[in-house]
2 protein chains.
Amino acid sequence: MEVNRIYKGNCINKLTELESNSVDLVYFDPPFFTQKKHSLVTRDESKKYEFSDSWDSLNDYLDLIEACLIECKRVLKETGSVFLHCDKVASHYIRVTLDKVFGMKNFQSEIIWSYKRWSNSKKGLLNSHQNIYFYSKSKHFKFNQYYTNYASTTNIDQILQDRKKTAKGKSIYKTDEDGNIVLGKEKKGVPLSDTWEIPYLNPKAKERVGYPTQKPVLLLKEIIKIVTDKGDLVVDPFCGSGTTCVAAKSMDRNFIGIDASQDAVELANRRLEEMIITDSALLNKGYNSYLEKSEYEMAILKSIDALPVQRNSGIDGFLRKHFNEKPVPVKIQGKRETLNDAIEKLEKSCQGKEFELKIVIQTRKESRGNRLFELESDIEIIQSQELIIEELKEKSTVPNNV
Amino acid sequence: MEVNRIYKGNCINKLTELESNSVDLVYFDPPFFTQKKHSLVTRDESKKYEFSDSWDSLNDYLDLIEACLIECKRVLKETGSVFLHCDKVASHYIRVTLDKVFGMKNFQSEIIWSYKRWSNSKKGLLNSHQNIYFYSKSKHFKFNQYYTNYASTTNIDQILQDRKKTAKGKSIYKTDEDGNIVLGKEKKGVPLSDTWEIPYLNPKAKERVGYPTQKPVLLLKEIIKIVTDKGDLVVDPFCGSGTTCVAAKSMDRNFIGIDASQDAVELANRRLEEMIITDSALLNKGYNSYLEKSEYEMAILKSIDALPVQRNSGIDGFLRKHFNEKPVPVKIQGKRETLNDAIEKLEKSCQGKEFELKIVIQTRKESRGNRLFELESDIEIIQSQELIIEELKEKSTVPNNV
DNA sequence: ACTCACACTGAATCCGTAC
DNA sequence: AGTACGGATTCAGTGTGAG
């Protein structure tokens, strides 16, 4: 079976065609058991999408889920994981099935996806979260630990200083013989929590393509990030409008999507071609940023008050304030680019446009020979602060004449 | 059975003594299916509290839960509700039991109690929520709807304007015959959500009594608030250290507590006399009251791969990588600080700690006279990229000899 | 394969104290 | 007086190694 394609067909049949132990992540998002027929029209009302989630009984529904899960387990590598996203009405029954297929021991986390939502008139609490169950195939599952910032209540001594135990078992800050503070080892921050606050798709967002139960790309990117690496294979057996595939493609993972509906397959393919990812103000400001441009580049642009632009290899952003009534393009030297590459790319993107100031931000050290080249261009080169700090460190390491 | 008392005894036996249709709220917090023994000593080490979560099998455990729940249902009024607090490992089985006893129709909400918590060495996501299931005895359950503030991203028009449906079923803003906007009726805010962020009972809180698994009073107060009125009866069949009773008493509700352990009953009675409820800054003001850094400062820290740190005016963050095996503190010159202020603050915060490198990031231009001062300190000063760009602009504006 | 006891983790936050 | 900061405590914690 070819990767990076979306297949129309029955989920179990298509999964059967997949080789055993070949998949790194299955995102499993079955049609909800609500006994209702879903449908939605696109904004221009030209097309209607439909799927049926009206099984005769809960048991039939669960039998189908179980059969799918068994196939999912077969295709997963030993290091692979499944993320099952389900609706609140049947989630507990589905989890019982998960225990049956994967084993209670392989339950890793219940992820709570919480979001703010428009109120409804329901009596009771406003429903504003969904549950995602994370099971691994074995205890050797792949997991990319990543770290978030400390809480605002955490004080710095806590982070900085080492501790020791007194004879009485009290834990106190460590001091050396002279009574000086002993500093602790490198800290990484706080491990990612199992509750994720990610904005629900804004009803007007570009990303919205008129298909029921669409998930935000950011949610899928987060999942893909923690349990797969580049080049790994992600499978979504109920791919619907293809959000998982869009997320996987944007992160250089391979993907296979399956859906029973021809409409869904066509829609997903169109999305993959267009690759629209919401870039709304809300998402930018979000508690965490889960953006396409690397977070590092985004941070640099933000720190110089520049607006990021997407999908232009020569320009990463523009300063928000014009200079001499002209925009100021900014290019950040990429990880795999030489400084000259970066300059040339920016030059190329600027051709035919009259800018008064063009900026390249250098992110890596370069031999002097190459750097002379920069004089031929009117581009201004400034060093990234990280680079400046690197040089500071080198200077401090080689003792100067004090 | 007398109210406002705590009874020692088996949960089912004691519930049997209670009259049918007499209770407004049952807070049901059974031992979890953790298969572990929990013990904790009081701070003065005078008393050790223990209980065991060991069960022969999941079925035994669920049988016990079911028997208790049947009694709970009997004692509840038609307008009454049960809140069942359970753990991540067995929550789905418990909910299946709840469906069996109370009926799927009477499921009202899954409440997520989320919190920040100190971390540990777990592979995977950091566990930071617990689940509470809210089932009512009938559809006539009592519910005190209350409202929270709108999210900051909410469009003001959405709050103010009324809506109507078009012939095609789309929801649009309502206008009168002249096309003027029709303002809607008074809005109350957003109904209370089903995800509650309430701080975990802190290791240093005075509220702590040394009983394992003690809950914050605030969590119980929230539950009591939404489904009972003054004078109503609250029952906790596994009351432990008596948090529910303390919360109920503080809100003028009647209560009955039941626990099998004599130690727990005595402890709960003592708490009821003393009524210590922690009054924390975090509970009162929320996390926002601690937040000090702007997005701009956060972006600078991210761009140099530094961990942001709050609650210290002299240090804004640390480089993630140590230098000469020592942390590297970073201070960003504040909007209202001179460069000297910034340097002095950093110096002060570094007192007694041996750093190999200290960095101040200068964000504003300063007259030369002041800048000479920096030579007295071993702090390295680097200019923010924004500042470098400002200087570039000035250089470009004043024509040089080309 | 399992269980169990033991050692170890590490940040959140209330409180006390110094300014 | 109010604010700022330093200190210690906790594990509905987890991982590990012996039996």
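Within every chain, numbering begins at 1; the chains are lettered A, B, ... in the order of the sequence lines, protein sequences first and strands thereafter. For clarity, every value in this text was computed on a predicted model and none was experimentally measured.
At a threshold of 4.0 angstrom between heavy atoms, the contacts of B:Asp29 include nucleobase atoms, whether or not backbone atoms are also involved. Note on B:Asp87: nothing from the nucleic acid sits closer than 4.0 angstrom, heavy atoms only. Nucleic acid contact for B:Tyr200: sugar-phosphate only, since backbone atoms but no base atoms lie under 4.0 Å from a heavy atom of the residue. Residue B:Ser313 is in sugar-phosphate contact alone, with no base atom involved, counting any heavy-atom pair closer than 4.0 Å across all strands shown. Within the 4.0 angstrom heavy-atom criterion, no nucleotide atom of any strand lies near B:Lys345.
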*Using a cut-off of 4.0 Å between protein heavy atoms and nucleotide atoms, how would you tag nucleotides 6-11 of chain C 5' to 3' with B, S and -?*
---BBB

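The distance between atom CZ of B:Phe32 and atom C1' of D:dG13, rounded to the nearest whole Å, is 14 Å. When the C1' atom of D:dT9 is taken as reference, atom NZ of A:Lys164 falls 18 Å away, rounded to whole Å. Distance B:Leu84 CG to D:dA12 P: 19 Å, rounded to the nearest Å. Here C:dA1 presents its P atom at 8 Å from NZ of A:Lys139, a figure rounded to the nearest Å. A straight line from CD1 of A:Ile172 to C1' of D:dG6 spans 14 Å, rounded to a whole angstrom. Rounded to an integer number of Å, the gap from B:Gln351 CD to D:dC5 C1' is 13 Å. Rounded to an integer number of Å, the gap from B:Ile276 CD1 to C:dC15 C1' is 14 Å. The distance between atom CG of B:Asn131 and atom C1' of D:dA12, rounded to the nearest whole Å, is 12 Å.
Listed for the B:Glu71 side chain is no donor-acceptor partner under 3.5 Å among the backbone atoms of B:Cys68.
Just one of A:Phe102, A:Phe141, A:Tyr135, A:Phe134 meets the ring-ring contact (aromatic ring centres under 6.0 Å, His included) condition when paired with A:Phe107; it is A:Tyr135. Exactly one of B:Tyr7, B:Tyr27, B:Phe32, B:Phe28 qualifies for a ring-ring contact (aromatic ring centres under 6.0 Å, His included) with B:Phe238. That residue is B:Phe28.
With D:dT14, C:dA12, D:dG7 as the choices, the nucleotide that has an atom nearest any side-chain atom of B:Lys122 turns out to be D:dT14. Side-chain proximity of B:Lys116 to the nucleotides D:dT9, D:dG15, C:dA12 is greatest for C:dA12.
Within the structure, a side-chain polar atom (N or O) of A:Gln161 is placed less than 4.0 Å from OP1 or OP2 of D:dG7.
Remark on DNA chain D: of its neighbouring residues B:Pro31 and A:Thr153, the 5'-side contact belongs to A:Thr153, judged by nearest-heavy-atom nucleotide.
Figure legend. C:dT9 is base-paired to no nucleotide; pairs are counted as Watson-Crick or G-U wobble with both atom distances under 3.5 Å. Under the Watson-Crick or G-U wobble criterion, with both distances below 3.5 Å, D:dA12 has no partner in any strand shown.
When the C1' atom is compared between C:dC14 and D:dA12, the two are found 22 Å apart, to the nearest whole Å.
Interatomic distance, CG of B:Leu62 versus CG of B:Leu69, reported as 10.0 Å (0.5 Å rounding). Rounded to the nearest 0.5 Å, atoms CZ (B:Arg117) and CG (B:Leu201) are 10.5 Å apart.
Taking a cutoff of 4.0 Å between a charged side-chain nitrogen and a carboxylate oxygen, A:Asp157 and B:Lys353 qualify as a salt bridge. A salt bridge is absent between B:Lys8 and B:Glu266: the closest approach of a Lys/Arg side-chain nitrogen to an acidic carboxylate oxygen does not fall below 4.0 angstrom.
Side chains of B:Glu66 and B:Thr97: no donor on one and acceptor on the other come within 3.5 Å. Defined by atom type and a distance below 3.5 Å, a donor-acceptor pair is present between the side-chain atoms of A:Lys137 and A:Asn21. Looking at A:Ser109 and A:Asp194, their side chains never bring a donor and an acceptor atom within 3.5 Å of each other.
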Show me the protein contacts with nucleotides 3-5 of chain C, counting only N or O atoms at under 3.5 Å.
none

